[in-house]
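Source: prediction; values computed, not measured.
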Protein chains: 2
Amino acid sequence: MSTGRRNFRMPRKGSDAANDASSDVGGTEYLETLLGYNARRAALTLVGNFMQGVAEFDLRPVDFSILSVIGHSPGVTSRQLCQLLNVLPPNMVVLLRQLDRRGLIERHPHPTDGRALGLSLSPAGQDLLAQAEAAATQADLRGSARLSAAERKTLARLLQKIYLA
Amino acid sequence: MSTGRRNFRMPRKGSDAANDASSDVGGTEYLETLLGYNARRAALTLVGNFMQGVAEFDLRPVDFSILSVIGHSPGVTSRQLCQLLNVLPPNMVVLLRQLDRRGLIERHPHPTDGRALGLSLSPAGQDLLAQAEAAATQADLRGSARLSAAERKTLARLLQKIYLA
DNA sequence: TATTGTTATACTCTATAACTATA
DNA sequence: TATAGTTATAGAGTATAACAATA
């Protein structure tokens, strides 16, 4: 039996394997001038940290994000989740079905729109989310341990200036 | 016949489709406190920008990164590329074969290690890289147009503090 | 006619095991 | 014994087309 169900992806850093003598080759000088490159590398590091910290709850980033949005905005619809989290509807169906089967979310008929379903967390889902959010925050702080509180705040603000409309 | 060979992924933002009246639901307040979430969202936005700007060269981010490292560090080996760019060796084989078949890179026997191959850009590869880097820089600037030059510099520095050893 | 949720499916990306040739 | 490069393949992530029910 395996410990965790999910494939556990630990992002390999540029220098985690034994290297030969002439191993510090560089060559990334230009790439490091691109915010896209830097953001992607940092995101991979932080996601690895997240996976480690939230492993016991068996939640991938997308599952965690869905639960968090539902928890902080009960009654949200599947389509709204898709727009908020950049997930395509056919894929969201699968994700929500999995969370439903785990007893973490509930679906009610939408009050005004007969096509839609309002989503909310079950009591178990609320419990899990509270614990997972605490763990995720701790993991995020560990992943950015070399940043001061002020730097973390600045970084979040600058990143949001890029991806927020 | 399709225009471009590659699947062209334009990241959908949270608000690019026609929405109903009650569409600004929020619910991402907590997620936006996590640097991992912000970095991932910003990276997706910037990668979308990159894909648009570099489309004419038919280079995905990973292809572009490989060419850039080889160009700025000729003689680098496949294994070193894997470590620098966080790509697993079996996948790097495929990527390098594609670039080789396009006539963009060359492989020479390594001077000191009979197992390894030293990589370098062909003249065509050098031409393509020069053009692609210029386009990538422009795309990166467009993607971060709401940031000042000082903010871009700060952002790059803070992101590197997260992912660099 | 447009939108929500859904099924089925294809494609891309990422990961693991195992082999060879050389160090 | 360990490492570089490689093959084959499995698994996860992301994408499109098309449909029924409702607006």
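Of the N and O atoms on the side chains of B/Asn38 and A/Gln160, at least one donor lies less than 3.5 Å from an acceptor on the other residue. Side-chain contact annotation: B/Tyr37 with A/Asp140, donor-acceptor N/O pair under 3.5 Å absent.
Using a 4.0 Å cut-off between charged nitrogen and carboxylate oxygen, A/Arg157 and B/Glu151 count as a salt-bridge pair.
Distances shorter than 4.0 Å separate none of the side-chain N or O atoms of A/Arg115 from OP1 or OP2 on C/dT4. Between A/Arg107 and C/dT6, a side-chain N or O to OP1/OP2 separation shorter than 4.0 Å is present. Taking only side-chain nitrogens and oxygens, B/Arg97 never comes nearer than 4.0 Å to OP1 or OP2 of D/dG5.
Between A/Leu119 atom CG and C/dT4 atom P the separation is 13 Å, expressed in whole Å. Atom NE2 in B/His110 sits roughly 9 Å away from atom P in D/dG5 (whole-Å rounding). Atom CG of B/Leu85 is separated from atom P of C/dC13 by 15 Å (rounded to the nearest Å). As a whole-Å value, the separation of A/Leu95 CG from D/dA12 P is 13 Å. Rounded to whole Å, atom C1' of C/dT4 lies 6 Å from atom CZ of A/Arg79. Nucleotide D/dG13 holds its C1' atom 15 Å from the CZ atom of B/Arg60, rounded to whole Å. At whole-Å resolution of the value, CE in A/Met51 and C1' in C/dA15 are 13 Å apart. Atom CG of B/Asp63 and atom P of C/dT12 are 13 Å apart (whole Å).
Nearest to the side chain of A/Leu88, among C/dT3, C/dG5, D/dA15, sits D/dA15. Considering only side-chain atoms of B/Ala116, the nucleotide from C/dT7, D/dG5, D/dT7 that sits closest is D/dG5. Among the nucleotides D/dG5, C/dA23, C/dG5, the one closest to any side-chain atom of A/Val93 is C/dG5.
Remark: A/Ser120 OG to A/Ile105 CD1 distance equals 8.5 Å, nearest 0.5 Å.
Map A/Pro90 and A/Thr112 each onto its nearest nucleotide of DNA chain D; the residue landing nearer the 5' end is A/Pro90. Sequence order on DNA chain C of the closest nucleotides to A/Gly118 and A/Asn91 puts A/Gly118 first from the 5' end. A residue-by-residue look at A/Leu96 and A/Arg40 shows that A/Leu96 has its nearest nucleotide of DNA chain C further toward the 5' end.
The side-chain contact (heavy atoms from CB on, under 4.5 Å) test with B/Leu119 is passed by exactly one of B/Leu81, B/Val69, B/Leu67: B/Leu81.
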